Asker: 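This is the structure I want to talk about, given as structure tokens.
Values below: every heavy atom of this structure, side chains too, minus hydrogens, waters and symmetry copies. No experiment lies behind these values; they were computed from the predicted model shown.
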Amino acid sequence: MKLSERQKREKEFYEEYSQKYDYSQKINFDPINLPLKEGKRRPWNSYWEVFSWAIDQYQSGMKLLDFGSGPGHNALLFSTIGYNVTGFDISNSNIVVASKLFQINNVDTSKFKFVEAAAENLPFEPDYFDIICGVDILHHVEINKSLLECKRTLKPRGKILFREPLEVKILDKIRNIKIVKFFFPKEMSLDKHITHDEKKLTNEDIKTIKTIFPKTKIKYFFLFARFDRFFRESTNPNPSLLERLDFYLFKLFPFLQPLGGAVLIEVEK
């Protein structure tokens, strides 16, 4: 697999990052179990919405591509829904971790497969997947090439959902002030899970996606929820009041949506 310099840096980062993986950590199945067993959803939480969407799309026998599968957490949740899951990652160490994670959780080996690959050159047949899902991955890759690969490997009328951080120029200018960066660094960091080349999606990236997939819907999140980092731990499993506030503000005042710092991008082929 021939890699660009950017891809080599990403691969090197995740080869090192995956060496620290703790298999004893508890996987949070609530985004799957609560909707399926109790009918409880959190439409204000962009990550939960990925899995609620996947639940709604599911039909028996469907093949799902976890686009940039990392250590396999999301793939495991998709598998719990019932999908036949394929995941890819640029890091072979991540592939090893994901495969072991599925084995630890006693998933039938016929129901999953992980392969080492780059998003811009996928080793899958045309029109193969029913569903493609990616969580915080597009801002690590070359958008145009990666989306064309999605289009090639997705079945006719197949669907894709991406959850991504989005640049908001006004707010990101404040974010990039020296004093703010001093307290909240943006440099590459294994501890903070920041790679050298990652960047938030821009409105130009959204235009590129819409050019490749004219049937595109955008849903915005993350206005005041940006400040959750000051009030709650990132691992807190309880609903966020600020996320809920954003959800209703975007509904009542659509002109605020461009200030959302995260999006769900739903497309249909």
Asker: Does atom CD of Glu125 have more than 12 heavy-atom neighbours, drawn from other residues, nucleotides or ligands, at distances under 6.0 Å?
Answerer: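 At most 12 heavy atoms, drawn from other residues, nucleotides or ligands, come within 6.0 Å of this atom.
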Asker: Considering the options Phe129, Phe112, Phe51, Tyr58, which one meets the ring pair (Phe, Tyr, Trp, His ring centres under 6.0 Å) requirement together with Tyr83?
Answerer: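 Among Phe129, Phe112, Phe51, Tyr58, the one that satisfies the ring pair (Phe, Tyr, Trp, His ring centres under 6.0 Å) with Tyr83 is Tyr58.
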Asker: How many angstroms lie between atom OG of Ser4 and atom CG of Asn121, to the nearest 0.5 angstrom?
Answerer: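 CG of Asn121 is found 11.5 Å from OG of Ser4.
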Asker: Apply side-chain contact (heavy atoms from CB on, under 4.5 Å) to Ser69 and Phe78, showing your working.
Answerer: CA-CA 11 Å; Ser69 49; Phe78 293 133; over 6 Å; no
Asker: Does this structure show an ion pair linking Glu12 with Lys8, if we count only N-O contacts that are shorter than 4.0 Å?
Answerer: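 So Glu12 does not pair with Lys8 through a salt bridge.
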Asker: Give me the atom names and distance for the closest heavy-atom approach of Gly260 to Val168.
Answerer: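 The answer is O-CG2, 3.4 Å.
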Asker: Using a strict threshold of under 4.0 Å (side-chain N to carboxylate O), is an ion pair present between Glu49 and Lys219?
Answerer: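 Looking at Lys219 and Glu49, the cut-off is met.
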Asker: Checking Lys200 against Leu166 for the side-chain contact (heavy atoms from CB on, under 4.5 Å) test, could you report, in this order, the C-alpha distance in whole Å, the side-chain angles of both residues, the deciding distance, and whether it holds?
Answerer: CA-CA 5 Å; Lys200 296 179 180 179; Leu166 182 68; 5.9 Å; no
Asker: Do Lys251 and Asp246 sit within salt-bridge range, that is, some charged N less than 4.0 Å from a carboxylate O?
Answerer: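 So Lys251 does not pair with Asp246 through a salt bridge.
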Asker: Please report the C-alpha distance between Glu10 and Asp197 in whole Å, then the side-chain angles of each, then the deciding distance to 0.1 Å, and finally whether the side-chain contact (heavy atoms from CB on, under 4.5 Å) criterion is met.
Answerer: CA-CA 8 Å; Glu10 287 282 320; Asp197 297 284; 4.3 Å; yes
Asker: Please determine if Glu149 and Arg152 form a salt bridge, counting it only when a charged side-chain N lies under 4.0 Å from a carboxylate O.
Answerer: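 A salt bridge is present here (some side-chain N lies under 4.0 Å from a carboxylate O).
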Asker: With a 4.0 Å cut-off, would you call Arg9 and Glu198 a salt bridge?
Answerer: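 No salt bridge links Arg9 with Glu198.
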Asker: Is it true that Glu243 and Arg232 make a salt bridge, defined as a side-chain N closer than 4.0 Å to a carboxylate O?
Answerer: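 Not counted as a salt bridge, because no side-chain N and carboxylate O are separated by less than 4.0 Å.
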